[in-house]
Number of protein chains: 2
Amino acid sequence: MKSYLLETLKELALLGGIKNKIEISSFELAKQLSTSQQTASRYLVELDKKNMITRELGVKKQLIIITKEGEKQLYDEHMQYQQIFELTDRIIFKGKVISGLGEGRYYTEQPSYVEQFKKKIGFIPYPGTLNVEIEYVEKNKLRLLKDQRAINIDGFNTKNRSFGSVKCFNAKINSLDGAIVLPNRSHYSNVLEFISKFYLREKLKLKDNDNVKIIIYFKN
Amino acid sequence: MKSYLLETLKELALLGGIKNKIEISSFELAKQLSTSQQTASRYLVELDKKNMITRELGVKKQLIIITKEGEKQLYDEHMQYQQIFELTDRIIFKGKVISGLGEGRYYTEQPSYVEQFKKKIGFIPYPGTLNVEIEYVEKNKLRLLKDQRAINIDGFNTKNRSFGSVKCFNAKINSLDGAIVLPNRSHYSNVLEFISKFYLREKLKLKDNDNVKIIIYFKN
DNA sequence: ATTACTAGTAAGCGAGTAT
DNA sequence: TATACTCGCTTACTAGTAA
């Protein structure tokens, strides 16, 4: 939706247009929007065409009520502002399932990691990680993670090699609980590794390139 | 601010631009906004000129951070959406002080009203009401009041005449507590009558035509 | 790769005005 | 009174491209 139409719809909502019919002339609306009567009239016609509002045109003013569809548009916008200013204990990522190189399995089966997962995040992960490639531009959001307190999984050494420490965040993938694992010694990539007590590809019927939504939660 | 600039700023905020420098090319931003690279570039230049963002232009991408001023713009917008969807226990009116006909004083001095005010809204009003004329278009908001549970002040009869019942809402005027009085037997006008235990014109140094902000609270 | 200028085109605006 | 059309003007958009 064009941004000026959303602005107009918001103005109507502020006047109570979601629950009530509001009585407003295109001239009055124009004043509210700091524009001309003609433009306000055009906006109303456009909003009407897009089924965002319903109008009862009288001889004088018009009675306007915001439709369910219009309310949904506004609510979506509201949720974005909530995300910016209120829901600062979480970050939402959109991404798609990709295949990793199978290393995830090797790591998640190390007894020392497993023990810590059980103790610190409360479950023993199904072997392997689900790799989710986030949209390139969302890499910026990853930077928000570094200021957050994470669950720390300590590194350790075996006879053969050493394993580095890892950061975890409680997370959800398509509403299912689990955690995100971020190796401490690596740059942020655009791939998130999700662990869960379930075999996710089966449980959520996921296959490569499926779109998923991941919510990462912070401790406060 | 132009609505498309606000939309752009919101997009940058969603990527974490309020607290962090975000790394984004005009091409990527264009994708997010479903527009062309040139337009995205122009938006960024405009936002920069208006001091909504600060940019560090590198050879490749650019590092962007939203300024305090930009954050304030977004927050104002957020508060409007809060008003629409969250703060449904209140309505905010802007208006200006006008002189009434002095009837307010007559009413607020009736012992039966005074007694009920004391009991039901917790204070004895300073004699008289402060009349606030709300902007014409905000009359629509008054309609929201009728669905709300109000504090009811009963009517009564004296030897000489009868006094009708009255609805009250707890309210604030410029942050000072008081109440709004709405006669039950009258159409909604564009004048709100505010009562307070203080003489408001003195306490708040108000004179005719001064702009005031009234918040009306509902019981839930 | 980028950013962002120029210039031609498209969309938006509002004065005038019909209804 | 209103709403909303036409039409000339302005603003916004994007392809091409320089830096």
Side-chain angles (χ1 to χ4, degrees), chain A residues 1-12 15 17 21-67 70 135-140 187 189-190, chain B residues 1-12 15 17 21-67 135-140 187 190:
Chain A
M1 181 150 78
K2 287 167 192 161
S3 57
Y4 60 80
L5 290 182
L6 190 67
E7 194 187 355
T8 307
L9 202 58
K10 184 196 72 187
E11 206 59 47
L12 295 171
L15 293 171
K21 284 179 189 163
I22 58 173
E23 191 182 317
I24 193 170
S25 68
S26 54
F27 180 76
E28 281 160 10
L29 179 60
K31 259 198 304 190
Q32 294 292 309
L33 297 171
S34 307
T35 186
S36 68
Q37 174 270 322
Q38 291 89 336
T39 294
S41 172
R42 190 160 37 81
Y43 286 178
L44 289 174
V45 172
E46 284 183 58
L47 283 170
D48 199 351
K49 269 188 193 149
K50 289 192 194 314
N51 294 314
M52 297 292 157
I53 59 171
T54 307
R55 296 193 297 164
E56 287 172 30
L57 281 158
V59 198
K60 296 180 94 187
K61 322 217 165 178
Q62 45 192 310
L63 293 174
I64 297 173
I65 190 160
I66 295 172
T67 62
E135 290 172 30
Y136 188 78
V137 73
E138 293 203 331
K139 277 180 75 174
N140 285 299
H187 284 98
S189 80
N190 60 334
Chain B
M1 181 149 78
K2 289 167 191 162
S3 57
Y4 58 79
L5 290 182
L6 190 67
E7 194 188 357
T8 306
L9 202 58
K10 185 198 71 187
E11 207 58 49
L12 295 171
L15 293 171
K21 284 179 188 163
I22 58 173
E23 189 182 317
I24 193 170
S25 68
S26 53
F27 180 76
E28 281 161 10
L29 179 60
K31 259 197 305 186
Q32 294 292 310
L33 297 171
S34 305
T35 185
S36 68
Q37 173 271 322
Q38 291 89 336
T39 293
S41 173
R42 189 161 39 79
Y43 285 178
L44 289 175
V45 172
E46 284 184 57
L47 284 170
D48 199 351
K49 270 188 191 148
K50 289 192 194 313
N51 293 314
M52 297 291 158
I53 58 170
T54 306
R55 297 193 295 164
E56 286 173 31
L57 281 158
V59 197
K60 296 180 93 183
K61 322 215 163 178
Q62 46 192 312
L63 293 175
I64 297 172
I65 190 161
I66 295 173
T67 62
E135 289 171 31
Y136 188 78
V137 73
E138 294 203 330
K139 278 179 75 173
N140 284 300
H187 284 98
N190 59 334

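In what follows, chains are A, B, ... by sequence order, proteins preceding strands, each numbered from 1.
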Using OP1 and OP2 only, check whether a side-chain N or O of S41(A) sits under 4.0 Å from dT3(D). no
Side chains of K31(A) and Q37(A): closer than 4.5 Å at any heavy-atom pair? no
Decide yes or no for V45(B) and R55(B): does some side-chain heavy atom of the first lie under 4.5 Å from some side-chain heavy atom of the second? yes
Check the distance between dC13(D)'s C1' and L29(B)'s CG and give it to me in whole angstrom. 15 Å
Quick one about S3(A) and S3(B) (side-chain donor to acceptor, distance below 3.5 Å, no hydrogens or angles considered), yes or no? yes
Within the distance-only criterion (no hydrogens, no angle test), does the side chain of N190(B) pair as donor or acceptor with the backbone N or O of K139(B) below 3.5 angstrom? no
Presence of S26(B) side-chain N/O under 4.0 Å of dT3(C) phosphate oxygens OP1/OP2: yes
For E7(A) and L33(A) the tightest heavy-atom approach is O-CD2, 4.4 Å
Is the NZ atom of K21(A) crowded by more than 12 outside heavy atoms at less than 6.0 Å? no
Shortest non-hydrogen contact from Q62(A) to L57(A)? OE1-CD2, 3.7 Å
Could you tell me the separation between the CD atom of E23(B) and the P atom of dT3(C), rounded to a whole number of Å? 11 Å
Please state how far atom CG in L33(B) lies from atom P in dC13(D), giving the value in whole angstrom units. 11 Å
When we call it a touch if two heavy atoms are under 4.0 Å apart, what does L44(A) touch: a base, just sugar-phosphate, or nothing? nothing
Over how many whole Å does the gap from I24(A) atom CD1 to dA2(D) atom P extend? 12 Å
Protein heavy-atom contacts under 4.0 Å, written 5' to 3' over nucleotides 6-12 of chain C as B (base), S (sugar-phosphate only) or - (none), form the string ------S
Between P on dA2(D) and NZ on K31(A), what's the gap in Å once rounded to a whole number? 10 Å
Using a 4.0 Å heavy-atom cut-off across all strands, classify Q62(A) as base, sugar-phosphate, or nothing. sugar-phosphate
If we only count heavy atoms from C-beta on, is the I53(A) to L44(A) side-chain gap below 4.5 Å? yes
Atom pair OH/OG1 of Y4(A) and T35(A) - distance to nearest 0.5 Å: 10.5 Å
Rounded to the nearest angstrom, tell me the gap between atom CD in Q37(A) and atom P in dG16(C). 13 Å
In whole Å, what is the span from the CD atom of E56(B) to the C1' atom of dT3(C)? 16 Å
Within this structure, what is the CG-to-P distance between L63(B) and dT3(C), rounded to whole angstrom? 11 Å
Between the two end axes of the helix from dT2(C)-dA19(D) to dT19(C)-dA2(D), each built from 5 base pairs, what angle do you get to the nearest 10°? 40°
